[in-house]
Amino acid sequence: GYKSESLELIKLTESYNVGPSKVERLADLRLFQYKFYKQFNDKDQMFEVASAIGSLKLNEAQNKEATIVISEEVGIQQQIIKSEFSKHDLSYKPSTLNRILGYFRLLQRINQKEKSKYLFYSAETLYSVHEFKRALTEYKSAIKEDLVLKSKVDLRLKSVDAIFSCIEFSKFDKTQEEVELEYAYDKYLALWPTGDKAQKIHQKLFTLYLFQKDFIKTQSTLNNYVRSYPKDLKV
């Protein structure tokens with residue numbers, strides 16, 4: 001409970017842990033600081049210390065601990081912004097949203113193997129407060145990263161489905177909407193070329209190119225459709 005005395009000791013300890021050879025000890029101190037400020041519910045200091053942790057080279061144990069404590073906090077912050085969000089006037093606290101996105105950026109640095117997951121969670125947070133255009137960008141980044149890392153949790157299908165919703169709610173002008181739809185259709189068919197939904201998307205993409213009078217892509221879409229549904233070739 002002796003906060004001011006503890007802060008003095010932290011500052012003193014910090015002065016003895018400077019230099020490349022003492023990075024591991026400094027990381028331990030930062031992790032302690034994070035939990036210290038959490039005990040006093042000092043959100044600003046928690047985020048500041050977390051940012052400092054993200055700039056340090058962590059050992060395996062420290063990396064695991066940092067991932068756990070930061071994930072726990074960002075989960076709490078997500079619940080807060082969802083509960084405070086007003087669908088009536090679409091209001092939320094920008095500071096809370098920025099902090100959540102900042103935490104997810106930190107987690108991307110600390111736990112790079114799960115980067116696609118954190119990009120997806122960032123997108124989900126933006127979607128939850130109706131920031132559909134920003135969410136769309138994050139969903140795209142999540143797909144791109146997941147194709148590289150192939151994370152254990154398959155986020156690609158969820159991301160593509162969410163992108164369709166983002167396009168619907170973003171109220172793009174016609175030209176931009178066509179660009180976004182082309183991306184979504186192409187990405188969906190590249191990942192899942194067959195199935196009932198894919199069959200409908202083939203048709204939508206065909207129609208999109210037809211109205212654009214892009215007959216090379218129109219023909220390409222037909223060719224891809226036939227590869228996925230060879231029994232329809234005669235039709």
Side-chain angles (χ1 to χ4, degrees), residues 47 50-51 54 70-71 73-109 111-112 114-149 151 153-192 197-198 200-212 214 217 221:
F47 184 73
S51 299
I70 293 173
S71 296
E73 177 59 26
V74 77
I76 293 169
Q77 293 292 319
Q78 280 183 299
Q79 292 302 316
I80 290 171
I81 199 168
K82 286 178 183 178
S83 64
E84 290 179 346
F85 177 66
S86 171
K87 291 184 179 180
H88 175 68
D89 57 4
L90 306 181
S91 64
Y92 62 87
K93 288 183 180 178
S95 59
T96 304
L97 178 62
N98 291 336
R99 184 166 291 164
I100 290 169
L101 298 177
Y103 271 129
F104 280 130
R105 284 193 292 270
L106 281 170
L107 286 167
Q108 288 172 48
R109 290 209 304 268
N111 188 11
Q112 293 184 13
E114 300 283 3
K115 186 176 179 181
S116 59
K117 181 175 74 174
Y118 300 128
L119 285 164
F120 177 78
Y121 290 157
S122 294
E124 292 282 273
T125 305
L126 288 162
Y127 189 96
S128 72
V129 293
H130 292 203
E131 291 285 353
F132 298 117
K133 290 181 180 179
R134 293 172 66 188
L136 178 61
T137 301
E138 293 295 294
Y139 282 124
K140 285 182 177 180
S141 297
I143 293 169
K144 183 178 179 180
E145 198 64 37
D146 197 56
L147 287 169
V148 175
L149 297 175
S151 61
V153 181
D154 186 358
L155 304 176
R156 281 162 277 174
L157 180 57
K158 290 180 181 178
S159 294
V160 174
D161 281 341
I163 283 172
F164 285 122
S165 294
C166 287
I167 294 169
E168 182 182 352
F169 296 131
S170 290
K171 297 179 180 178
F172 289 115
D173 60 52
K174 185 181 178 183
T175 302
Q176 187 61 35
E177 183 179 57
E178 287 181 356
V179 169
E180 300 298 345
L181 283 171
E182 181 181 359
Y183 169 88
Y185 294 152
D186 271 339
K187 192 60 66 179
Y188 188 97
L189 294 175
L191 296 169
W192 301 278
K197 186 169 182 177
K200 293 175 182 177
I201 289 176
H202 275 292
Q203 294 169 22
K204 289 181 179 180
L205 186 59
F206 173 86
T207 303
L208 179 68
Y209 289 142
L210 190 64
F211 277 101
Q212 291 175 349
D214 190 333
K217 287 185 177 179
T221 304

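The structure presented is a predicted model; accordingly, all values stated were derived computationally and were not measured. Sequence positions, counted from 1, serve as the residue numbers for this chain.
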Would you find more than 12 non-hydrogen atoms of other residues, nucleotides or ligands less than 6.0 Å from K197 atom NZ? yes
Side chain to side chain contact (heavy atoms under 4.5 Å, CB included) filter on K204, not counting sequence neighbours, yields Y185
Residues forming a salt bridge (charged side-chain N to carboxylate O under 4.0 Å, His left out) with D186, sequence neighbours excluded: none
Check V160 against I143 and note the closest heavy-atom contact, atom names and distance. CG2-CD1, 3.6 Å
Taking ring-ring contact (aromatic ring centres under 6.0 Å, His included) as the definition, give me every residue that meets it alongside Y103, ordered by chain and number, with sequence neighbours left out. F47
Look at the aromatic rings of F169 and F132 and report parallel, tilted or perpendicular, splitting at 30° and 60°. tilted
Applying side chain to side chain contact (heavy atoms under 4.5 Å, CB included) to A184 and not counting sequence neighbours gives I163, F164, I167
Within residues 120-130 or reaching into it, pairs that qualify as salt bridge (charged side-chain N to carboxylate O under 4.0 Å, His left out) - sequence neighbours excluded: none
So for atom NZ, which belongs to K140, do other residues, nucleotides or ligands contribute more than 12 heavy atoms lying within a distance under 6.0 Å? yes
Less than 4.5 Å apart, any side-chain heavy atom of R134 and any of V129? no
Residues A50 and I70: closest non-hydrogen pair is CB-CD1, 4.2 Å
Between the OG1 atom in T96 and the CZ atom in F85, the distance rounded to the nearest 0.5 Å is 13.0 Å
Can you check whether L107's main-chain N or O pairs, donor with acceptor, with N111's side chain at less than 3.5 Å? no
Quick test of your reading: applying salt bridge (charged side-chain N to carboxylate O under 4.0 Å, His left out), list the pairs with at least one residue in residues 163-178, sequence neighbours left out, ordered by first then second residue. none
Between Q112 and Q108, a side-chain donor and acceptor under 3.5 Å: no
Apply the test side-chain contact (heavy atoms from CB on, under 4.5 Å) to residues I100 and Y121: give CA-CA distance (whole Å), side-chain angles for both, the deciding distance (0.1 Å), then the verdict. CA-CA 10 Å; I100 290 169; Y121 290 157; over 6 Å; no
Residues E145 and R156 bridged, charged N to O under 4.0 Å: no
I80 CD1 to I76 CD1 distance, which is reported to the nearest 0.5 Å: 7.0 Å
Measuring from atom OG1 of T221 to atom CG of L208, what distance do you get when rounded to the nearest 0.5 angstrom? 8.5 Å
